[in-house]
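What follows is a short report on a single structure.
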There are 2 protein chains.
Amino acid sequence: MLDPVSRVRRFNRAVTSAVGALDTSFLGRGRPLGAARVLNAIGHGRSDVAEIRDYLGLDSGLMSRLLRSLEDEGLVETTAHADDARRRVAKLTRTGRREFAAYEALSNAQAEGFLAQHSQAEALLAAMDLIASALTRERVSLDEIDPQSEQARYCLAEYYAELGRRFKQGFDVSLSRDPDAKDMRRPRGSFIVAMSDTLPIGCVGLKGTDHGYAEIKRLWVAPAARGLRLGRRLMDATEAAARELGITLLRLDTNSALPEAAQLYRTTGWREIPRFNDDPYPDLFFEKRI
Amino acid sequence: MLDPVSRVRRFNRAVTSAVGALDTSFLGRGRPLGAARVLNAIGHGRSDVAEIRDYLGLDSGLMSRLLRSLEDEGLVETTAHADDARRRVAKLTRTGRREFAAYEALSNAQAEGFLAQHSQAEALLAAMDLIASALTRERVSLDEIDPQSEQARYCLAEYYAELGRRFKQGFDVSLSRDPDAKDMRRPRGSFIVAMSDTLPIGCVGLKGTDHGYAEIKRLWVAPAARGLRLGRRLMDATEAAARELGITLLRLDTNSALPEAAQLYRTTGWREIPRFNDDPYPDLFFEKRI
DNA sequence: CATGATATCTGACTAAAGTCAGACATCATG
DNA sequence: CATGATGTCTGACTTTAGTCAGATATCATG
């Protein structure tokens, strides 16, 4: 009962029956699961028929019939795609949106009920984030986004909060050399976010300077996503972006209160150099030629 | 992306597709899922047909046919139950055991693969234990067992390890008044373990004495099962056992380094009393009349 | 040992999911 | 604008899961 594999398998059994219960509650709306899944996929913004089919892993014949049955119910309308009349685009009717909302309410109620029965919901949520990140690991996408977008701001806020917890003296972003957003946009730099499903779970900024090098800033991995070697993937992606921009020398600063970061740099070709700025927080400085 | 319900639902999505993948890998052995599930239930030691049917939630007609198909494949043999010839008992043939082992290998490989891709497997396992315990909460059974059984010894070892971590001076069971096992067996006392699926996640002992009261000892809840009010359920069950044994006065000792325990006692009718033994570890003493 | 309860099995059904071949319209390309 | 590729649809199927009403054998009980 102690070995890791049994523990994973116990988790699998627990989760299998919970998933089954959710499916059963979906059947309560008088529609087979297949049709309900298509309706929900459309409700969640997947409009292209081929995309839905791919997402749900359905045969084109089956997909077509499920769509037809949703149309017969008056929940969905399909039209030809504007750019390519072979492709079809599905969208919900007014009734369809109402029905989708009912499914959403079921899902939300189920989630709330699960949380409510537990007196330490925060620990439960952290565990769920951890597992969801691990399970969707190979589906994490690294996207280059604007450093002032909502996702970027979320990551940075989490990053600052963590520095505040880990630095003995706390962390005040206004005392740090906060990079100008335009230095982290092409063509001067870049900002990359790691997305797991809809949740940002990591980020890194590449900040262009006028001193013959670019700096790597704001490398952050969500606690729930640690252990997945995401830091390394983010660094690789930034280096690739730097090469594209013709940058040949990278620098970064960090703090010895973040040993896992320094460890990552040391094992990926960075070498320690003397202090190259007057930011009050960092005490370790690295350089890498690419 | 921050609200608890979205986080639970992200977890649900991640887990649904992982479960689907496992099901699909099971189909690879050329047998429908229903039959595979029955085969595995038998392999895991469920032999009584009614029990399997109940466990898998199958209709008796369907169950009968699935069994028949496994018999046709030469994987299963059924015989009449020794005590009741209406009931049937299923067991695996030699070929059946081989086939079951193949399913086990698939499950184990899937679990190992999942663990291997994560560099912090212990954190992942703790998260899985937490969630599995929360999901199977209403299926936790409280069983009265022998205080020297394997499950009891596992719980006690975990309990001592935790005391060692939480007491500043550590914990050495040989210095404590270790209760004699026979004092925690009927008719003098009782030992109750909380089982979640196959994993013991909590325990409590009721120790009979010759001083006109019985003592509650070794109340432990696994870290993964905290927040489920399991401590309270265990205490209620012991009190019920004590009443059955004609015990009317209960005592217990505890340590202020375990504040959640003292809190539980205070809110469930226990009142603090002066020290009533010379055990070196406890510094808080309680009594309850039942 | 008659009687009602229980456990399983069989036959006859339905619903849902999935498969496959071919039809059809549309697209990209030379 | 002919041609092959692509996306969707339809018809004709199969498999799997599940339901339900008896039939049959056995059990517990008085």
Side-chain angles (χ1 to χ4, degrees), chain A residues 16-17 19-42 46-73 76-91, chain B residues 16-17 19-42 46-73 76-91:
Chain A
T16 302
S17 73
V19 163
L22 186 58
D23 283 355
T24 307
S25 83
F26 268 39
L27 287 175
R29 298 204 61 77
R31 188 171 295 110
L33 223 46
R37 273 200 259 267
V38 171
L39 180 70
N40 278 285
I42 300 170
R46 285 173 215 271
S47 54
D48 218 278
V49 168
E51 184 198 353
I52 299 169
R53 213 171 53 204
D54 190 51
Y55 173 66
L56 298 174
L58 299 175
D59 172 88
S60 75
L62 181 51
M63 176 73 204
S64 178
R65 261 176 277 267
L66 291 173
L67 264 183
R68 225 46 64 235
S69 83
L70 290 171
E71 279 183 331
D72 292 349
E73 280 195 86
V76 163
E77 279 169 348
T78 63
T79 50
H81 192 285
D83 298 344
D84 181 345
R86 290 170 303 181
R87 289 154 67 190
R88 304 238 93 201
V89 175
K91 64 183 261 232
Chain B
T16 302
S17 74
V19 164
L22 187 58
D23 283 355
T24 306
S25 83
F26 268 39
L27 287 175
R29 299 205 60 79
R31 188 172 296 111
L33 224 46
R37 275 199 259 266
V38 172
L39 179 71
N40 278 286
I42 300 170
R46 284 172 216 272
S47 54
D48 218 277
V49 168
E51 184 197 354
I52 299 170
R53 214 171 51 204
D54 190 51
Y55 173 66
L56 298 174
L58 298 175
D59 172 87
S60 75
L62 181 51
M63 175 74 203
S64 178
R65 261 176 277 265
L66 290 173
L67 264 183
R68 226 47 60 233
S69 82
L70 290 172
E71 280 183 330
D72 292 349
E73 280 194 86
V76 164
E77 278 169 349
T78 64
T79 50
H81 192 284
D83 298 344
D84 181 345
R86 290 170 303 181
R87 289 153 68 191
R88 305 237 93 202
V89 174
K91 63 181 262 233

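We name chains A, B, ... by the order of the sequence lines, and we start the count at 1 in each one.
At whole-Å resolution of the value, CG in A:L70 and P in D:dC9 are 12 Å apart. Between the CG atom of A:D48 and the P atom of D:dT6 there is a distance of 16 Å, rounded to whole Å. One can place CZ of A:R29 at 20 Å from C1' of C:dA16, the figure rounded to the nearest angstrom. Rounded to whole angstrom, the span from the CD atom of B:E51 across to the P atom of C:dT6 amounts to 19 Å. Taking atom CG on A:L66 and atom P on C:dG18, their separation rounds to 9 Å, with Å as the unit. Computed from coordinates, the A:L27 CG to D:dA17 P distance equals 15 Å when rounded to whole Å. A straight line from CG of B:L33 to C1' of C:dA16 spans 15 Å, rounded to a whole angstrom. Distance B:M63 CE to D:dT16 C1': 16 Å, rounded to the nearest Å.
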Sub-3.5 Å pairs of nitrogen or oxygen atoms, protein against nucleotides 18-23 of chain D:
residue, atom, partner, partner atom, Å
D:dT19, O4, B:R65, NH2, 3.4

Would you tabulate the pairs of protein nitrogen or oxygen atoms and nucleotide nitrogen or oxygen atoms of nucleotides 24-30 of chain D closer than 3.5 angstrom?
residue, atom, partner, partner atom, Å
D:dC27, OP1, B:A85, N, 2.9
D:dC27, O4', B:R86, NE, 3.3

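Looking only at distances, no side-chain donor or acceptor of A:S64 sits under 3.5 Å from a matching main-chain atom of A:S60. Side-chain atoms of A:N40 come within 3.5 Å of backbone N or O of A:A36 as a donor-acceptor pair.
The structure places CG of B:L67 at 10.0 Å from CZ of B:R53, a figure rounded to the nearest 0.5 Å.
Looking at which nucleotide of DNA chain C each of B:S64 and A:A35 is closest to, the 5′-most match is held by B:S64.
Contacts of A:R53 with the nucleic acid, taken as non-hydrogen atoms under 4.0 Å apart, involve only primed sugar atoms and P, OP1 or OP2.
Of all non-hydrogen atoms in A:A41 and A:I52, the two that sit nearest each other are CB-CG2, 4.0 Å. Nearest heavy-atom pair, B:L66 versus B:A35, reported as atom, atom and distance to 0.1 Å: CD2-N, 3.8 Å.
The side chain of A:R88 contributes no N or O atom lying less than 4.0 Å from OP1 or OP2 of D:dG7.
In this structure, A:R37 and A:D23 have side chains that are in contact, with non-hydrogen atoms separated by less than 4.5 Å. You'll find the side chain of B:K91 stays beyond 4.5 Å of the side chain of B:T79, heavy atoms only. Residues B:D48 and B:D84 form no side-chain contact, since every pair of their non-hydrogen atoms from C-beta on lies 4.5 Å or further apart.
Here the nucleotide nearest the side chain of B:P32, chosen from C:dT8, D:dT16, D:dT10, is D:dT16.
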Take A:V38 and A:L58 through the test side-chain contact (heavy atoms from CB on, under 4.5 Å) and record every step on the way to the result. CA-CA 10 Å; A:V38 171; A:L58 299 175; 4.1 Å; yes
